[in-house]
Visitor: 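Next up is a structure, given as structure tokens.
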2 protein chains.
Amino acid sequence: MTDTPPRPEDQADRFTRAREVQAVALLEDYVEMIGDLIAEMGEARVADLAARMGVAQPTATKAIARLKREGLATARPYRGVFLTEAGAALAERVRARHRVVVELLIALGVPEKVAELDAEGIEHHVSDASLAAFEAFLRARG
Amino acid sequence: MTDTPPRPEDQADRFTRAREVQAVALLEDYVEMIGDLIAEMGEARVADLAARMGVAQPTATKAIARLKREGLATARPYRGVFLTEAGAALAERVRARHRVVVELLIALGVPEKVAELDAEGIEHHVSDASLAAFEAFLRARG
DNA sequence: AATGCTCTATAGCCAAGGCTTCATTTTGAG
DNA sequence: CTCAAAATGAAGCCTTGGCTATAGAGCATT
Ligand SMILES: [Mn+2]
Ligand SMILES: [Mn+2]
Ligand SMILES: [Mn+2]
Ligand SMILES: [Mn+2]
């Protein structure tokens, strides 16, 4: 019955962390998608980015502005979006993590379509420690 | 090399879903916490709620206003916050899902502290289908 | 019963991330 | 070349979810 009540600050850390993750989740998805578009089509146009992200074009433009502000991307007006070195590195990490999360879900018996949907949100909250555990688990069962 | 490019709308669904989940994540954490406080202390005061969520008191007040608007909670000024039936039901579901996610992470070899941190964000993106798969996996390995 | 302390509400600010509408630049068809 | 269509940028609106500062209500201790 009478558990020791948790120290409020400790509990708050969990939510603070989740909020911080949330703040970068959008950037992560955008750099990954910009990388995809460049790989698939040779360039990342604002319109394509917006279509793939499921937002209106000005929303994508605003996101790109934030990517530029954070040093993750550059853009030449009417020409397309490009990743900086930092952006490309982030994209690579994000893509790898995304893949691992999808594979883990599938390995746990989640239907592929559902795995793809859930992973898009889950991935951002997966710490390096958890990611390592996921990879070890996947390796251990070939 | 030349994969068939994904249909943009299909890909967009993933992000749309993640955005929808995000919109309710905060409500889920609040109702769960309100339930915790009532269970532990007999009542949920705004100040305690704010401390546990790691936000300033007016931020908690504003969140409570949204809970009321959505029919999940009621509040008597200067008296505390209460869950409606819908709120209590949501809290119960959220609590159960939270527990399963933490247990899964631990079962996969994630350190307990890390599991608690990561789960707080991951849980909201875990669909019913994934949750069922997680439970099956946990059951299968006792 | 008074009064001070604690808790809560209110007001007002900011940034992020959606949106629509409209102006401007590029592009490409004829 | 021209000029209309398409793409992009710019402006301005909304909601959410943070914050600080301050006013007011409730409570407890004398
Ligand atoms: Mn994602
Ligand atoms: Mn992703
Ligand atoms: Mn949570
Ligand atoms: Mn939770």
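Below, each value reflects all heavy atoms present in this structure, side chains not excepted, and no hydrogens, waters or symmetry copies. Numbers restart at 1 for each chain; the letters A, B, ... are given by sequence-line order, proteins then strands.
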Visitor: Nearest nucleotide by nearest heavy atom, which residue falls closer to the 5' end of DNA chain D, A:Val46 or A:Arg19?
Guide: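 Nearest-nucleotide comparison on DNA chain D picks A:Val46.
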Visitor: In terms of side-chain heavy atoms, does A:Gln57 have a donor or acceptor partner in A:Thr61 at a distance below 3.5 Å?
Guide: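 Yes, because at least one side-chain N or O of A:Gln57 sits under 3.5 Å from a partner of the opposite role on A:Thr61.
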Visitor: Does a side-chain N or O from B:Thr61 land closer than 4.0 Å to OP1 or OP2 of C:dT8, or not?
Guide: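 Negative; the distance criterion is not met.
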Visitor: May I ask you to say what A:Ala47 touches in the nucleic acid, namely base, sugar-phosphate or nothing, with a heavy-atom cut-off under 4.0 Å?
Guide: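 Since only primed, P, OP1 and OP2 atoms lie under 4.0 Å of A:Ala47, the category is sugar-phosphate.
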Visitor: In whole angstroms, how far is the P atom of C:dT26 from the CD atom of A:Gln57?
Guide: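 Taking CD of A:Gln57 and P of C:dT26, I get 15 Å after rounding.
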Visitor: Please identify the 5'-most and 3'-most nucleotides of DNA chain D with any atom under 4.0 angstrom from a heavy atom of chain A.
Guide: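 Reading along DNA chain D, I get D:dA7 to D:dG18.
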Visitor: When you check the gap from the basic side-chain N to the acidic O, do A:Glu28 and A:Arg97 get nearer than 4.0 Å?
Guide: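 Result for this pair is yes, salt bridge flagged.
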Visitor: For the residue pair B:Gln22 and B:His124, confirm or rule out a side-chain donor-acceptor distance under 3.5 Å.
Guide: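 No, because no side-chain N or O of B:Gln22 sits under 3.5 Å from a partner of the opposite role on B:His124.
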Visitor: Nearest-Å distance, CZ (A:Arg79) to C1' (C:dT25)?
Guide: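 One finds 10 Å between C1' of C:dT25 and CZ of A:Arg79, rounded.
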Visitor: For B:Lys62 and C:dT10, what is the distance between atoms NZ and C1' respectively, to the nearest whole Å?
Guide: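 Atom-to-atom, B:Lys62 to C:dT10, this comes out as 10 Å.
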Visitor: Would you mind reading off the distance between A:Ile64 atom CD1 and C:dA16 atom C1', rounded to a whole angstrom?
Guide: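 Going from CD1 in A:Ile64 over to C1' in C:dA16 covers 16 Å.
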Visitor: Of A:Leu26 and A:Arg45, whose nearest nucleotide on DNA chain C comes first from the 5' end?
Guide: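 Going by which nucleotide is closer to the 5' end, it is A:Leu26.
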Visitor: What is the nucleic acid contact for B:Arg76, judged by heavy atoms within less than 4.0 Å: base, sugar-phosphate only, or nothing?
Guide: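 Touches nothing.
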Visitor: Do the charged groups of A:Glu116 and A:Lys113 touch, with an N to O distance under 4.0 Å?
Guide: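 Salt bridge absent between A:Glu116 and A:Lys113.
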Visitor: May I have the distance from B:Arg66 (atom CZ) to C:dA9 (atom C1'), rounded to whole angstrom?
Guide: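 Distance, rounded to whole Å: 20 Å.
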Visitor: How many Å lie between CG on A:Leu27 and C1' on C:dA15, as a whole number?
Guide: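 Rounding to the nearest Å, CG of A:Leu27 and C1' of C:dA15 are 13 Å apart.
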Visitor: Would you classify A:Pro77 as touching base, sugar-phosphate or nothing, given that sugar-phosphate means primed atoms plus P, OP1 and OP2, and contacts are heavy atoms under 4.0 Å?
Guide: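 Since only primed, P, OP1 and OP2 atoms lie under 4.0 Å of A:Pro77, the category is sugar-phosphate.
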Visitor: Rounded to the Å, how far apart are A:Glu70 CD and C:dA16 C1'?
Guide: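 For the pair A:Glu70 CD and C:dA16 C1', the rounded distance is 11 Å.
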Visitor: Under a 4.0 Å threshold between the charged nitrogen and the carboxylate oxygen, would B:Arg52 count as salt-bridged to B:Glu40?
Guide: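 Looking at B:Glu40 and B:Arg52, the cut-off is met.
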Visitor: Tell me whether the side-chain N or O atoms of A:Tyr78 pair up with the base of C:dT24 as donor and acceptor below 3.5 Å, since no angle test is needed here.
Guide: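 Yes.
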Visitor: Could you tell me whether A:Glu43 and A:Arg45 make a salt bridge, using a distance below 4.0 angstrom between a side-chain N and a carboxylate O?
Guide: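 Salt bridge: yes.
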Visitor: Is there a side-chain contact between B:Phe134 and A:Leu105 in this structure, where contact means two heavy atoms from C-beta onward sitting under 4.5 Å apart?
Guide: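 Touching, per the 4.5 Å side-chain cut-off.
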